[in-house]
Amino acid sequence: MLQCGSCRVLLASQCWSFAVRRSFSSSYDVAIIGGGIVGLASARELSLRHSNLSFIILEKENELALHQSGHNSGVIHSGIYYTPGSLKARLCVRGADLSYKYFDKKGIPYKRCGKLIVAVEQEEIPRLKALYEKGIKNNVRDLRLIDSKEIREREPYCRGLMALDSPYTGIVDWRLAALTYAKDFQEMGGKVVTEFEAINIKISTESREGSEEGMKYPIIMKSSQGAEVRCRYVLTCGGLYSDRLSQISGCSPEPRIVPFRGDYLILKPEKHYLVKGNIYPVPDPKFPFLGVHFTPRMDGSIWLGPNAVLAFKREGYQLYDFNLRDFADALSFRGLHKLVYRNITYGIGEMYRSLIISAQVKLLQKYIPELSSSDVLRGPSGVRAQALDRNGNLVDDFVFDGGPGELGSRVLHVRNAPSPAATSSLAIGEMIAEEVQKRFEL
């Protein structure tokens, strides 16, 4: 199903860039730091629930939703992979339903092109059947197991022994969705300020000169450019910088964010006939990441991948992007040492495949044998904000954090919003709004 509308124009006509003044005469009830899809969905939901309060979004870039929100596969997930009854499962299933309804209401284009999770080896079939059971328990719509003949009917060039068919899975431009959240937020009176990189969050020890409201807005946030915003409460949704935002407000440095880059290949246009919908592997529990897959995009392109390699810069989308602080932070963290030690062979393989296209294509040929290295080009990359604990475990659930003292009681950090955060964003926004209400008694 394809839904078309006028919202595509937003991406071209709205740069979402706002001039930053050196000082702000206004104060706000709640400041949201981070203009990615989670921060925008949360700000939108808070504005819907609390029309009597004032809100501001502070984003360090000159546009919104530039990083994880704008560098992702564009898939609308259905909720198959997650432990039944878990928060991730509930949020994904509800988030997908809310997203489709929202896209219809706003006229945001999407395609419900479906997904096949394909078993190509006998040993994968029990894991595939276990996924089916998970999906059924999670109330994922219209799931069914299909045989090799039905695989060929769905994907004529795909080979497999058995597959899990998820027709409710779709694709969308998630950055466009995020910018539409921002438009909703502004239409409700919310303020958006870009080029505000928060480097300090503190409690004021005295009221501003001439202020009649005294200490009503006790939190001061300062940017790297010297701008200042005051507020009563702060919500941070910092993604790749969530741990650092926590630290500057005096909260725990863990879980630590370690950036992993995922590189995609692009299928040449003359080979688009090879792929109709999403084709995914059966996840292997021995490895920390999902594995390569085939993903159609809203612009008509088809992405293949990604791999997963350590990025040397938190926003490093190119192979040779490097930031000394980011690199030192990652390498000095004991949790990363333990993760690497447990997955050394897998990690070396991922690095090799990131350099050698034919090695990545070899994995993809397990699903579409007709694919060759000459059929693909190097494509874009994304960086995943992977939260790690000190024991080297991937933090796979949501983490909220406050801190000691008056400042800690007025700050809520979203330390980890794991994949599929985009699909779940509207449901996450509801959850965060409830958490903010509970903690701050708005």
Just do the side chain to side chain donor-acceptor pair (under 3.5 Å) check on Asn62 and Thr194 with the steps written out, would you? CA-CA 5 Å; Asn62 63 357; Thr194 58; over 6 Å; no

Take the angle between the ring planes of [X] and [Y] and call it parallel below 30°, perpendicular above 60°, tilted in between.
X      : Y      : value
Phe294 : Tyr367 : perpendicular
Phe312 : Phe322 : perpendicular
Phe103 : Tyr110 : tilted
Tyr317 : His67  : parallel

If the threshold is 4.0 Å, N to carboxylate O, is there a salt bridge linking [X] and [Y]?
X      : Y      : value
Asp396 : Lys88  : yes
Arg415 : Glu254 : no
Arg314 : Asp243 : yes
Arg261 : Asp321 : no
Glu133 : Lys137 : no
Arg159 : Glu370 : yes

So does His77 get a backbone contact from the side chain of Thr423, meaning a donor-acceptor N/O pair under 3.5 Å? yes

Under a 3.5 Å distance rule, please check whether Ser424 uses its side chain to pair with a backbone N or O of Ala421 as donor and acceptor. no

Contacts of Phe400 meeting ring pair (Phe, Tyr, Trp, His ring centres under 6.0 Å) (sequence neighbours excluded), chain-then-number -> none

Pairing donors with acceptors under 3.5 angstrom, does anything connect the side chains of Thr180 and Tyr102? no

What do you reckon, is CZ of Arg390 surrounded by more than 12 foreign heavy atoms closer than 6.0 Å? no

Mind listing the closest non-hydrogen atom pair of Lys106 and Asp184 along with its distance? NZ-OD1, 2.9 Å

Considering all heavy atoms of both residues, which atom of Asn138 and which atom of Ala89 are nearest to each other, and what is their separation? OD1-CB, 3.5 Å

With sequence neighbours excluded, tell me which residues meet salt bridge (charged side-chain N to carboxylate O under 4.0 Å, His left out) with Asp165. Arg144, Arg154

Quick one: are Pro109 and Leu176 in side-chain contact, heavy atoms under 4.5 Å? yes

